[in-house]
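We number each residue from 1, following the sequence as shown.
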Amino acid sequence: MDQKEEHTNTFNKLEAASEDRLTDDQGKAGSDEELKQALAARIEEAKALQDKYLRLAAEFENFKRLAQRDQREYYRFANESLLKELLPIVDNLERAIKSSKERMGSGGLIQGVELVLKQFLETLAKFGVRPVKSVGETFDPSRHQAVAHVESQDASGKIVVEEYEKGYLLHDRILRPAMVTVADVPRRAGREGDKTSPSTDESPVDTE
């Protein structure tokens with residue numbers, strides 16, 4: 001091989017090596033770009049997962065708080081049906097005391113029944129049962145059930161004047177409404193001071 005061919009081969013080898021290095025550099029640059037894109041995608045995915053986790057954690061806390069509240073409410077009112085069934089016993093004891101006093105019955109018997117009634121009401125109070133105020137109070141449809149109405153000149157509004165059957169609350173919930181009589185303002189009293197014009201509903205006089 002002469003010197004010219006040797007130089008030509010050397011040049012070709014150098015040129016091929018340069019092209020291979022350039023291709024490797026381009027491939028490396030492409031790989032770096034792909035890695036950056038993949039990393040950015042993973043970061044966005046991680047952020048989305050974190051947001052989802054935070055939302056789920058907040059929802060779970062809300063659910064836990066509501067469940068605890070429902071549980072407290074359940075324990076407060078779990079005996080509602082039983083306590084409601086016991087109220088007629090209180091009614092009968094009160095009626096027995098009232099009837100005995102009206103008939104001038106035995107004082108010892110009355111005192112004994114009163115003691116039983118007092119103990120019974122104290123037991124109910126331990127479970128959150130308390131009577132509804134009625135007589136003298138303004139009529140409240142959420143606590144009172146009107147079974148009769150009377151007109152009264154002294155009434156300034158719908159006032160409870162008589163109680164037929166006591167109402168009771170269980171904590172802050174109505175257990176049984178009170179059966180009451182309500183005093184209303186008389187209709188004429190409500191219109192007092194109004195000047196009514198003469199009636200114009202009279203039939204015309206027949207002049208024939």
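- Hydrophobic clustering (ILVMFWY, side-chain heavy atoms < 4.5 Å, transitive): Val150 and Met179 are in distinct clusters.
- For the atom pair CD of Gln71 and CG of Leu66, the computed distance is 13.0 Å after rounding to the nearest 0.5 Å.
- Under the 4.5 Å side-chain heavy-atom criterion for ILVMFWY residues, a single connected hydrophobic cluster contains both Val116 and Tyr168.
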Test log, rule side chain to side chain contact (heavy atoms under 4.5 Å, CB included), inputs Val90 and Leu124: CA-CA 10 Å; Val90 177; Leu124 291 177; 3.9 Å; yes
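- The distance from atom CD of Gln145 to atom OG of Ser134, rounded to the nearest 0.5 Å, is 11.5 Å.
- Between atom CG of residue Leu56 and atom CG of residue Asp51 there is a gap of 11.0 Å, rounded to the nearest 0.5 Å.
- Taking CZ of Arg130 as the reference point, atom CG of Asp172 lies at 8.0 Å (rounded to 0.5 Å).
- The CZ atom of Phe60 lies 11.5 Å from the CZ atom of Arg65; values are rounded to the nearest 0.5 Å.
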Stepwise salt bridge (charged side-chain N to carboxylate O under 4.0 Å, His left out) check, Lys166 with Glu94: CA-CA 10 Å; Lys166 279 187 178 181; Glu94 290 177 339; 3.3 Å; yes
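- Atom CG in Asn92 sits 11.0 Å away from atom CG in Leu87 (nearest 0.5 Å).
- The hydrophobic cluster containing Leu121 also contains Ile89, counting ILVMFWY residues as joined when their side-chain heavy atoms lie under 4.5 angstrom apart, directly or transitively.
- Side chains of Phe139 and Asp184 form no contact here, defined as non-hydrogen atoms less than 4.5 Å apart.
- With salt bridges taken as basic N to acidic carboxylate O contacts below 4.0 Å, one links Glu80 and Arg173.
- Environment of CZ in Arg176: crowded, with over 12 heavy atoms of neighbouring residues, nucleotides or ligands closer than 6.0 Å.
- Under a hydrophobic clustering in which Ile, Leu, Val, Met, Phe, Trp and Tyr are joined whenever their side-chain heavy atoms come within less than 4.5 Å, directly or via other members, Phe120 and Leu83 fall into the same cluster.
- Looking only at side-chain heavy atoms (C-beta outward), Val132 and Ile174 come within less than 4.5 Å of each other.
- By the 4.5 Å heavy-atom criterion applied to side chains, Leu170 and Val129 are counted as neighbours.
- Annotation: side chain of Leu115 is not in contact with side chain of Gln111 (no heavy-atom distance under 4.5 Å).
- No more than 12 heavy atoms of other residues, nucleotides or ligands shown are found within 6.0 angstrom of CZ on Phe127.
- Phe77 and Leu175 fall within a single hydrophobic cluster, where Ile, Leu, Val, Met, Phe, Trp and Tyr side chains are chained together by heavy-atom contacts under 4.5 Å.
- Ile159 places a side-chain heavy atom less than 4.5 Å from the side chain of Thr138.
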From CA spacing to verdict: side chain to side chain contact (heavy atoms under 4.5 Å, CB included), Leu39, Lys36: CA-CA 5 Å; Leu39 180 61; Lys36 289 180 180 179; 5.7 Å; no
Stepwise side chain to side chain contact (heavy atoms under 4.5 Å, CB included) check, Lys133 with Glu163: CA-CA 10 Å; Lys133 293 182 180 180; Glu163 183 182 62; over 6 Å; no
